[in-house]
Amino acid sequence: PSLLHEQRRRKIENDVVEFWYFMRSELKKMKSTSKGDIVRVVDRVLSDGANYQKTLHNDFNLLRNVENAGELMKKESEELGRLVQKRFKYLQNPKDCASAKKLVCNLSKGCGYGCQLHHVTYCMMVAYATKRTLILESRGWRYASRGWESVFLPLSDNCKDKKGSSSRPWADPDIIRDAQVVEMPIVDSLHPRPNYLPLAIPMDLSDRLMRLHGDPAVWWIGQFVKYLTRPQPQLQTDMENAKAKLGFSKPIVGVHVRRTDKVGTEAAFHSIDEYMLYVEEYYDRLEAREPVHTRKVYLASDDPSVLPDAKSRYPHYTFISDIEITKTAGLNKRYTDQSLHGIIMDIHFLSLSDYLVCTFSSQVCRVAYEMMQTMHADASAYFKSLDDIYYFGGQNGHHMEVLEKHISKQPKEIDMEPGDSVGIAGNHWDGYSKGMNRRTGKDGLFPSYKTQSKVVIVDLPTYSEVDE
Ligand code: GDP
């Protein structure tokens, strides 16, 4: 299928999802203010509506796979992935390290594993864009004092030293152009901010990526994460052993429940029921297509009490979890070799799942979602976030392009004209999103279906040296 065809197909698929979010939310509101017969009618419409939704979802799935298109797309994704990984390898293994241009990134950002991995990801994106070999400083890492290479392969085989004839902190391109070594700050302190930060994608691959993937920026980010987290042989063995020990097999839904220090500061509390609603929906859809013998859930959490709670409330589900094996989760054990192992395993198994239910306010789940993209043709829709839409910390603005005129019907809504650009702050999962119309400067709600995510395409080095 052509790029335009794919874009139209995805738009319709998304419209159907948004339509149901809207109907369900309005019907639930109606139910809460009604009595007697009306409540029964609303319940029936909700239940039948869910069935229509299920069929529509499965129909779209069939459409995606018509004439073997799914397989062809999978091949295309693998081919693109190989090409990108080859470029990374080339960048990271310069012919002469002593004279190579370098970019230094220090892992000592004071935050969790997901946040630190995203920090290195952003550094490597800058390295790619500036054709500088990324040097990662990770000794004394809070998760493993021996550093990154205690679990992951070195980013380079021949160039790990940040020595160079001249070194400068990140600054205007004119100032740093000739410096052999450039030192990176954390993304929050990055000045100037280049246009190729997420959610941008490279121009030379943009046509292929946009045809392939519903959220090409995440595919692109996923490739960096993949390169950075290539496991050491020992970790690889541990992962395979854990897989067998846990009985990790498909179909399986990955659920990540982020609690402890996050609740009340950066995210709201969500009960296990809120997650399971979408797990249930996933399996109901799947069962309409094929028999499901066991409804399996891979459950990850920083709060070990989530597992017994889930097991007792959902006895007809099989929960598998690393919590059971290592019992390391929890604040007291944070930032130790053992906790590093635990979080790597959790992200690994979440990313191997068929579908993810979590809160995108957590970097743990966003990393899992990014890695998931490297294993499918297009897994952009294989998730349900209970809160945020996908974002990359420190990203450049995410804008929606307005496709249809909208006249606000209530004070909380904003007006829109086709062609307007709306900076999106979040989706309320009730048919409406929130954002700011850049033309009018007004902030408020707008119907999500009248807009479409804008893909930012930037000119980046094409690494023609390694092209097939
Ligand atoms: P965020 O704070 O959720 O956005 O993600 P970060 O990765 O930056 O920090 C959270 C840290 O808490 C993780 O890196 C882990 O150390 C720990 N953590 C959170 N969720 C889990 C989980 O599901 N499993 C394990 N093993 N650790 C977790």
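Each ligand, and each atom within it, is numbered from 1 in the order the structure gives. The chain is numbered in sequence order, starting from 1. Worth saying up front: this structure is predicted, and the values here are computed from it rather than measured.
Both the backbone and the side chain of Gln363 come within contact range of ligand 1, each with a heavy atom under 4.0 Å. Residue contacts with ligand 1 for Glu266 are absent, since no atom lies close enough (heavy atoms, distance under 4.0 Å). Neither the backbone nor the side chain of Met345 has any atom closer than 4.0 Å to an atom of ligand 1 (non-hydrogen atoms only). When heavy-atom distances to ligand 1 are checked against a 4.0 Å cut-off, Asp346 comes that close only through its side chain, counted from C-beta outward.
Geometrically, Arg285 does not engage Tyr283 in a cation-pi contact, judged by NZ or CZ lying under 6.0 Å from the ring centre and within 45° of the ring axis. In this structure, Lys311 is not positioned above the aromatic face of Phe319 in the sense of NZ or CZ being under 6.0 Å from the six-membered ring centre and within 45° of the axis.
An N or O contact shorter than 3.5 Å is missing between Ser339 and ligand 1 by distance.
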Only pairs under 3.5 Å count here: list side-chain donor-acceptor contacts from residues 352-361, not counting sequence neighbours, and write none if there are none.
unit_1: Ser353; atom_1: OG; unit_2: Gly254; atom_2: N; d: 3.4
unit_1: Ser353; atom_1: OG; unit_2: Phe349; atom_2: O; d: 2.9
unit_1: Ser353; atom_1: OG; unit_2: Leu350; atom_2: O; d: 3.4
unit_1: Asp354; atom_1: OD1; unit_2: Lys250; atom_2: NZ; d: 3.2
unit_1: Asp354; atom_1: OD2; unit_2: Ile252; atom_2: N; d: 2.8
unit_1: Tyr355; atom_1: OH; unit_2: Phe383; atom_2: O; d: 3.3
unit_1: Ser361; atom_1: OG; unit_2: Asp387; atom_2: OD2; d: 2.6

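Look at Arg9 and Glu13 and you find a salt bridge, because one of the NZ, NE, NH1 or NH2 atoms lies within 4.0 Å of a carboxylate O, short of that distance.
Ring centers of Tyr128 and Tyr463: under 6.0 Å apart, within the cut-off. Residues Tyr391 and His398 keep their aromatic ring centres 6.0 Å or farther apart.
For His191, the side-chain contact (heavy atoms from CB on, under 4.5 Å) criterion is met by no residue, not counting sequence neighbours.
If you number the atoms of ligand 1 from 1 as listed, the ones under 4.0 Å from a heavy atom of Gly342 come out as 26 (N). Taking a cut-off of under 4.0 Å to the non-hydrogen atoms of His256, the atoms of ligand 1 that pass are 20 (N), 21 (C), 22 (C), 23 (O).
The option from Tyr113, Tyr143, Phe360 that lies nearest to atom 16 (O) of ligand 1, judged by heavy atoms, is Tyr143.
The shortest separation from a heavy atom of Cys111 to ligand 1 is not under 4.0 Å, leaving the residue out of contact.
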